[in-house]
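Reading through the structure tokens given below for one structure.
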Amino acid sequence: MAARSLPPAAEEMPSPWAPVPFRVAQRTAETSDTVTLVLTPARDAPEFPFAPGQFNMLYAFGVGEAAISISGDPAAPGSLVHTVRTAGKVSGALAAAGPGTIVGVRGPYGSAWPLAAAEGKDVVLVAGGLGLPPLRPALYTMLADRGKFGRIEVIYGARTPKDLVFYRQVQEWRARTDLRFQTTVDAADRSWYGDVGLVTARVPDLRVDPANTVAFLCGPEVMLKFTVQALVAKGMTEDQVYVSLERNMKCAIGLCGHCQLGPEFVCRDGPVFRYSDVRRYLTVREL
Amino acid sequence: MTAAPTPGALRLAEHRFFVGAPSGLADRLEPLAVERSYAFGDTLVREGDIADRFVLIYEGKVALEIVLPDRPSVTIQTLGGGDVLGWSWLVPPPEWWLDARAVKRTRTLELPAGPLRAALDAHPDDGYAFLLRLLPVVAQRLDHTRLQLMDLHGR
Amino acid sequence: MTESAQVGGRYVLDRADFPAFLDGMRAAGYRVVGPTVRDRAIVYGEVRAVTDLPIGWTDRQEAGQYRLERRSDEALFGYNVGPHSWKKYLFPAHERLWTATTTDGSFEVRPEPDDATPLAFLGVRACELAAIRVQDRVFGLAGDPTYARRRRSVLRVAVECGQAGRTCFCVSMGTGPAVHDEVDLALTEVLEGDRHYFLLHVGSDRGARVLTDVPLRPASPVEEGAAADRVASAAASMGRSLTTTGIRDVLVNQPDHPRWAIVARRCLACTNCTMACPTCFCQSTEEVPDLSGEKVERWRRWDSCFNSQFSAVHGTSVRQSTQSRYRQWLTHKFGTWHDQFGESGCVGCGRCITWCPVGIDVTEEAAALREPARPTVPSASKGTTP
């Protein structure tokens, strides 16, 4: 039986429901339906520290909130970067927010990529579609302290070359020698010189020491499962793999109940989980 | 007694396709192998041509393309070092159904279909072992095709 | 004869002095809410006078059935539990969280002001005290300020059950009918011949303060015994029981048990069980802009895991079938609640059984899930041929 816990007095508690106003300082179109927003506090506010992999609840005034992962550099907490794809009413309003627009922010929420556990090891990042933005803060952190990590391999898959986000930056990463960054798309015409095929097809060729590697995966759930299978075939174990999961995150504080996956509140206990801890939930239909 | 391999020469036994295969299989097929090299833009195989060889890619990149009459051709998959090009040579009628084009300088070892089939027919153990290497390639391509059909990233 | 009540003390409050007790709570600044009769049910509402209480009424309950009946006596608390629970006060079904207005291109968020009169909950059953404790933990861990504010101001006046309903199983869940939780005041109603009194246990200073002008006298051992007998008889007449041993694993480890499909054929996914449940906490927020677009209110309302869009990701529900939603509810309530909060989410009040329109009974479902999965095709029976 758990200890009884009375809620603390209200005056000690800031409202977890109130968004803080931020101004859109910059809006960059990534693809036909995806933009990256750089936000700065609308009023004097302390810096906004976060850990790679965490998300915020972004608020479009009069429309509502959506859970959006932070895609910026943790070493630059003065501004907040989010990459938003138009998927519904709220994300559509956020994606349409031009410079100067005020949006609300609650956060940061959720678990982070275990970068400390990755130190001294080879690191594999696998991103599918809009799975790259939640992984970018981890990549920034590792590249800023490059010596702490072994080989870094990134596999990034998208539907077509036009659907790749951070295009210019991806070209820069691909040119680096202290990082192997592979892009692959589902289909392309002859103007594309990258790979065509699934991210899983790139796994056998990873140049890492499977016994001393951690992998961070973010993308559609089916992609996660197949990628884990390929990593295991490569010699890794499921407890070396971390995945970022997506469920219906509404409150972000483990209260509204919408994002439950078995015993986990994905908003609070996730979104980053060790794969071996959640794999049994991912094989149950409609859990 | 075998001669030491020429420096830089490609060896069948070193290709990922033969990793874990019964000992000697690659060596027995080695005499059939022809080394080829393709420059950027070279065509390896063309749709409609007779599928006359089994191609093992050692380095480079090969795009598999479907040519459409009314649209630019579509690349549906790229292959790289460690991959093999197709099974059309084994499946009647032996005809390529795709174009394969080098999009990087590419080095291969290629086994001519007729002698390869004859060698596998003559030694059913080798034939079976070879098919056990080939079937996972087919299965993996099928899995990937299914996932691509689901258009996961589109959501 | 009035004497000043001591925390930990046990007193007798005569029925005739009950109005003075209500006055005492009001004088201490509380708005008293408790059982009232409305729409042929006992529901919680404001209690201004003792006549607002369900005097002489009891509730007859069965799976999918609820009916008020006259008692042969004039008991004030001679029923069990109705469709309402105290969560409607601590976690209102619909409440405003904040109001935001645009100013100079930005916006300002004002959390909802705290101007409500503190409430006295009169007639909290042992299972309901447990339910409040369960929600304290849920809302406390999430750091919900409005819940905490209300909860801290509440005076909890428990009334132990002197009888059990047909759908009650608090004994199985270890929550009642005796009150063991911390409480401000606990009453046990005793009717014996022409005597009608309450044994009153003082649990807190806050509880003692409302008794300043209430006539009380120390309880005698005989009176204490009479009260204990009534609670013991309630404990002995539980309408339902549920085996809790290993229940978490029974549910969590059997997502494919055929029973889920069987119960899903009856379940209407109507959400009644989750609305009536005193611990269900699922909720949604909604954005309510005014016509000018310059002012917006954020409201929250009860939601339910039985609603089709509850689990929707990008517009598509993760749990499309009623089967998966019933499984989610029951598995959460008795199973994964342990993982999340270190205790069961069920307190055995029986509301979900009574208020289910098709009479689905969680105790029956939990028992069925303990049975090994039956094969679809019956196997040949043994030993029936001569």
Side-chain angles (χ1 to χ4, degrees), chain A residues 31-34 85-88 91 126-132 155-165 180 182-207 218-227 229-230 233-235 246, chain B residues 15-20 39-43 57-68 70-86 98-106 133 136-155:
Chain A
T31 71
S32 62
D33 62 0
T34 304
R85 170 181 284 178
T86 299
S91 57
V126 183
L130 214 58
L132 186 60
I155 306 172
Y156 172 33
R159 189 191 203 181
T160 72
K162 289 194 176 88
D163 296 304
L164 294 165
V165 297
R180 186 161 71 136
Q182 304 187 75
T183 48
T184 184
V185 297
D186 287 346
D189 62 23
R190 281 195 174 184
S191 64
W192 170 250
Y193 294 107
D195 291 314
V196 177
L198 294 183
V199 290
T200 47
R202 317 279 12 116
V203 170
D205 183 44
L206 289 172
R207 295 165 202 156
C218 187
E221 210 161 290
V222 183
M223 182 215 94
L224 302 181
K225 288 185 200 174
F226 277 84
T227 305
Q229 211 174 67
K234 179 88 185 162
E246 187 172 20
Chain B
H15 195 276
R16 195 162 71 211
F17 182 80
F18 287 102
V19 170
F40 171 85
D42 285 354
T43 297
I57 302 167
Y58 280 77
E59 58 179 68
K61 191 185 292 189
V62 174
L64 305 184
E65 297 175 344
I66 294 181
V67 180
L68 302 158
D70 56 343
R71 277 186 278 168
S73 61
V74 174
T75 304
I76 54 142
Q77 187 169 23
T78 50
L79 303 176
D83 291 328
V84 299
L85 177 58
L98 298 164
D99 282 8
R101 203 167 55 92
V103 290
K104 259 188 193 172
R105 201 184 78 84
T106 297
R133 314 303 306 156
V137 176
V138 180
Q140 198 208 39
R141 299 260 173 100
L142 180 59
D143 279 347
H144 287 192
T145 305
R146 285 170 175 160
L147 289 173
Q148 277 171 301
L149 276 174
M150 290 168 71
D151 190 20
L152 297 171
H153 302 315
R155 293 212 295 147

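Just the heavy atoms: all of them, side chains too, but no hydrogens, waters or symmetry mates, feed the values below. Letters A, B, ... mirror the listed sequences (proteins, then strands); counts begin at 1.
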Practice task
Under 4.5 Å, counting heavy-atom pairs only, tell me which of A:Pro220, A:Ala230, A:Gly197 racks up the most with chain B.
Solution key: A:Pro220
Practice task
Go through the atoms of A:Ala87 and report whether side chain, backbone, both or neither lie under 4.5 Å from a heavy atom of chain B.
Solution key: neither
Problem - Option that, when pairs with chain A are counted at under 4.5 Å, heavy atom only, ranks first among B:Ile76, B:Leu79, B:Leu64 - result: B:Ile76
Handout entry: Contact origin within B:Arg71 toward chain A - heavy atom pairs under 4.5 Å
Key = neither
Exercise for the section: Below 4.5 Å from any heavy atom of chain B, which atoms of A:Asp195 appear? Answer side chain, backbone, both or neither. Expected result: both
Exercise for the section: Identify whether the distance between the nearest side-chain nitrogen and carboxylate oxygen of B:Glu59 and B:Lys104 falls below 4.0 Å. Expected result: no
Practice task
Check the angle between the aromatic planes of B:His15 and B:Tyr58 and answer parallel, tilted or perpendicular using the 30° and 60° thresholds.
Solution key: perpendicular
Fill in the blank from the handout: Applied to residues 75-85 of chain B, the salt bridge (Lys or Arg N to Asp or Glu O under 4.0 Å) test, sequence neighbours excluded, yields B:Arg16-B:Asp83
Exercise for the section: Using atom types as modelled and distance alone, determine if a side-chain donor or acceptor of A:Thr184 lies under 3.5 Å from a backbone N or O of A:Gly157. Expected result: no
Handout entry: Heavy-atom proximity to chain B below 4.5 Å, by part of A:Ala158
Key = backbone
Fill in the blank from the handout: For A:Thr183, the side chain to side chain donor-acceptor pair (under 3.5 Å) test, sequence neighbours excluded, returns A:Arg174
